[in-house]
Structure formats: structure tokens, C-alpha cells
Amino acid sequence: MTERVPVLRIGQILLVSIQTDLDDQAVLHLQDDLTAKIVATGADGVVIDISAVEIVDSFVGRMLATIASLSLLLDAQTVVVGMRPAVAITLVELGLSLGGVRTALTLELGLKVLERSRALRQGPPQEFADSGLSDEDGVRADPAGR
């Protein structure tokens, strides 16, 4: 029996931490579990941590792209984090692109990517939108000044 990859919820983000190399059945289960959890929770972001994954084959690479596409169709941005150089090289050698998938080196950076994406989709807070102030006035919706 194939072990299922846990899908954890952190606010409006789902975290998938893949701790072993995946077989084909595990990837298919992950696709089903993740899409069901996006619908059930209304999550708007997904982080897939593959830092423990040492190798990928063409099927797993295609399924990562498919999972990201499905998530996007369900209105959840996807970020793949922790990709090892060997995995990236393998994906390129196989001719696979993870179209529509954002990547980040670390989980922390991946969460920041989703935060920025959410801020852009929501627009500035209403108080700024109504004030007539803009970035040129030195007022930013992001308190960190990004």
C-alpha cells in the first residue's frame, strides 16, 4: 500500500511536504487529496516542499505541473520550494517545464511569494484606494515597503 503525503492547512495556505521519493501511485493520490482539500478549505495558496526529493522521473515531473495547473484552476497559486539542483537538471534534461509553477529556494521564500501574490490580487486596502494616495506619494499597501 502506498503511503499518502499529508496536506496541512496553515491559514489560507496548504502545505505539502514530500519527505520521500514518490512512486506513481503516491503522486496520483496527492493530486486527488490536494484538489479535494483546496475545494474543502477554500485555500488560495499551495506550497509543495520537495527539498527531501532526490530524483524525479518524467511522470512525477509532469504530475507536479498538472497539480499546479489544477490548483490554479481552483483559484490557488502554487509554489514549489526546495528543489535540489539534481532535480532541476533532470527536469531540464527530460524537456519538462513546470509551466505556471512558481519556485522558491526555501519554504520561507515560498510563503512570501504567496503573500505578495495575495496582496496583488486583493489590491490596496480600502483606506489607501479611497485616499487618492499612491506609491509615488510614498504610501504602500505593504507595510514592509515592497
Can you tell me how far [atom2] of [Y] sits from [atom1] of [X], rounded to the nearest 0.5 angstrom?
{"X": "I55", "Y": "R84", "atom1": "CD1", "atom2": "CZ", "value": "11.0 Å"}
{"X": "L8", "Y": "L15", "atom1": "CG", "atom2": "CG", "value": "5.5 Å"}
{"X": "E3", "Y": "Q25", "atom1": "CD", "atom2": "CD", "value": "13.5 Å"}
{"X": "T106", "Y": "K112", "atom1": "OG1", "atom2": "NZ", "value": "8.0 Å"}
{"X": "D21", "Y": "D57", "atom1": "CG", "atom2": "CG", "value": "9.5 Å"}
{"X": "S71", "Y": "Q31", "atom1": "OG", "atom2": "CD", "value": "9.0 Å"}

Please name the pair of heavy atoms, one in G110 and one in A104, separated by the smallest distance, quoted to 0.1 Å.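 Where G110 meets A104 most closely, the heavy atoms are N-CB, 3.6 Å.
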For A76 against A43, the heavy-atom pair lying closest together: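 So the minimum-distance heavy-atom pair works out to CB-O, 3.6 Å.
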Could you list the residues that satisfy salt bridge (Lys or Arg N to Asp or Glu O under 4.0 Å) with D75, not counting sequence neighbours?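 So D75 forms a salt bridge (Lys or Arg N to Asp or Glu O under 4.0 Å) with R121.
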Do [X] and [Y] share a hydrophobic cluster, counting only Ile, Leu, Val, Met, Phe, Trp and Tyr and linking them when any side-chain heavy atoms are less than 4.5 Å apart?
{"X": "L94", "Y": "V80", "value": "yes"}
{"X": "L111", "Y": "I38", "value": "no"}
{"X": "L74", "Y": "V27", "value": "yes"}
{"X": "V79", "Y": "L34", "value": "no"}
{"X": "I48", "Y": "M83", "value": "yes"}

Within-4.5 Å side-chain heavy-atom neighbours: [X] and [Y]:
{"X": "R118", "Y": "Q12", "answer": "yes"}
{"X": "L107", "Y": "V47", "answer": "yes"}
{"X": "V46", "Y": "Q77", "answer": "no"}

Evaluate side chain to side chain contact (heavy atoms under 4.5 Å, CB included) for L91 paired with V56, printing each intermediate quantity in order. CA-CA 8 Å; L91 291 174; V56 295; 3.7 Å; yes
Tell me, with the steps shown, if T41 and L14 meet side chain to side chain contact (heavy atoms under 4.5 Å, CB included). CA-CA 9 Å; T41 63; L14 298 177; 4.1 Å; yes
How would you list, by chain and number, every residue that makes a side chain to side chain donor-acceptor pair (under 3.5 Å) with R102, sequence neighbours excluded?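 So R102 forms no side chain to side chain donor-acceptor pair (under 3.5 Å) with any residue.
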Around L105, counting heavy atoms of other residues, nucleotides and ligands shown, do more than 12 lie under 6.0 Å from its CG?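 No, CG of L105 has 12 or fewer neighbouring heavy atoms, counting only those of other groups under 6.0 Å.
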Verify side-chain hydrogen bond (donor to acceptor under 3.5 Å, both in side chains) between E115 and S117, making sure each step is shown before the conclusion. CA-CA 5 Å; E115 287 172 15; S117 177; over 6 Å; no
Side chain to side chain contact (heavy atoms under 4.5 Å, CB included) between V7 and L30, worked out: CA-CA 8 Å; V7 179; L30 174 58; 4.2 Å; yes
Which side-chain N or O atoms in residues 58-70 pair as donor and acceptor under 3.5 Å with protein atoms at least two apart or in another chain?
residue: T66; atom: OG1; partner: R62; partner atom: O; Å: 3.0
residue: S69; atom: OG; partner: A65; partner atom: O; Å: 3.1

